[in-house]
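See structure below.
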2 protein chains.
Amino acid sequence: MIDIEKYKIAEKHMLDEDTIFNVSNLYKVFSDETRLKILNSLLSTELCVYDIAELLNMTHSSISHQLKILRDMKLVKARKDGKIAYYSLIDDHIEKIIKIGVEHINEL
Amino acid sequence: MIDIEKYKIAEKHMLDEDTIFNVSNLYKVFSDETRLKILNSLLSTELCVYDIAELLNMTHSSISHQLKILRDMKLVKARKDGKIAYYSLIDDHIEKIIKIGVEHINEL
DNA sequence: AATATATATGAATATATATTCATATGGAGA
DNA sequence: TCTCCATATGAATATATATTCATATATATT
């Protein structure tokens, strides 16, 4: 131990392991360009898999895999209309998180 | 194209590739448990490498590697006092980002 | 019923990266 | 100067994961 006072202050403010795990997992979602593009596009409107794939110029499979991750993380939900699945955002924090990120990089 | 109207709305709101790249890189920092713990501990006080390693119960090498990433991302800075390097946060957004993350997972 | 279409998903591959180990650097004290 | 000590860093390894490819499912259309 080099600086006991500072160590103790920091120790007191430590987050528990579960919180760290969950928050890091949340930000893992935003750390992938494809998922970030999907989430950002869903800020403006609901979209189907096909159109997201066109919009991002990627395969449907790839988009579908990422949407599954977003569903599992409870960030998006799907509304089925016949064979079309319209995806939309569940969570209010998504917009805030993207905005703070953009704000941050614009200040560099 | 399945739903032209929605497609066009989303197309208009697309972020440019650079922004997506930079924001996803920013959140990649927060997606690792070790870096998240380091950043969170630095919210309360500056800390040296040795004490961070003790606090997180990890090797100095590992912490040092992660601190380099945080330095390169301009999120932390080091103040040298003799052979001791005291690290502190550069950026205001770090606190907001951690808080929104914690808020989000607490609401699930 | 048969076919086409939109989406979902399992497995494989390729790539990224966190940690470890070995070693280097640079300051403090004997 | 020699040697501890705190930190930094390069290389190797192990692990995680994004995309691709093949295939499955489910609805719509003929």
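We name chains A, B, ... by the order of the sequence lines, and we start the count at 1 in each one. Heavy-atom basis, side chains included; hydrogens, waters and symmetry copies ignored.
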Check your understanding: Should the pair B:Lys74-A:Glu107 be classified as a salt bridge under the 4.0 Å nitrogen-to-oxygen rule?
Key -> no
Return the minimal non-hydrogen interatomic distance between [X] and [Y], and the atom names on each side.
X: B:Glu33; Y: A:Ser24; result: CG-OG, 3.4 Å
X: B:Arg35; Y: B:Val29; result: NE-O, 3.0 Å
X: B:Tyr27; Y: A:Ile98; result: OH-N, 4.5 Å
X: A:Ser44; Y: B:Ala10; result: OG-CA, 3.4 Å

What I want to check is whether the side chains of [X] and [Y] have a donor and an acceptor closer together than 3.5 Å.
X: A:Thr19; Y: A:Asn22; value: no
X: B:Asp91; Y: A:His104; value: yes
X: B:Arg79; Y: B:Tyr87; value: no

- Considering residues, nucleotides and ligands other than A:Glu5, do more than 12 of their heavy atoms fall under 6.0 Å from its CD? no
Numerically ordered, the residues 25-39 of chain B set in heavy-atom contact under 4.0 Å with DNA chain C is B:Lys28, B:Asp32, B:Thr34, B:Arg35
Under a 4.0 Å heavy-atom criterion, the protein footprint on nucleotides 2-7 of chain C, written with B, S and -, is ---BSS
Let me know the distance between [atom1] of [X] and [atom2] of [N], rounded to the nearest Å.
X: A:Lys68; N: D:dT20; atom1: NZ; atom2: P; result: 19 Å
X: B:His65; N: C:dA24; atom1: NE2; atom2: P; result: 15 Å
X: A:Ile63; N: C:dT9; atom1: CD1; atom2: P; result: 15 Å
X: A:Asn57; N: D:dT20; atom1: CG; atom2: P; result: 11 Å
X: A:Asp72; N: D:dT17; atom1: CG; atom2: P; result: 13 Å
X: A:Leu67; N: C:dA8; atom1: CG; atom2: C1'; result: 10 Å

Heavy-atom nearest nucleotide on DNA chain D taken for A:Ile69 and for B:Ser62; more 5' hit belongs to B:Ser62
message: If hydrophobic clusters are built by linking Ile, Leu, Val, Met, Phe, Trp and Tyr wherever their side-chain heavy atoms come under 4.5 Å apart, do A:Leu36 and A:Leu89 end up in the same one?
response: yes
Result for side-chain contact (heavy atoms from CB on, under 4.5 Å) between B:Ile63 and one of B:Asp51, B:Ile52, B:Leu47 points to B:Ile52
Using only heavy-atom distances, decide whether a donor-acceptor pair under 3.5 angstrom links the side-chain of A:Thr59 to the base of D:dC21. no
Any stem touching DNA chain D, meaning at least three consecutive Watson-Crick or G-U pairs under 3.5 Å, ordered by first number, would be C:1-30 with D:1-30
Classify B:Ile52 by what it touches in the nucleic acid, base, sugar-phosphate, or nothing, heavy-atom distance under 4.0 Å. nothing
Notebook entry, point to check: OP1 or OP2 of C:dT19 sitting under 4.0 Å from any side-chain N/O of B:Gln66?
Noted result: yes
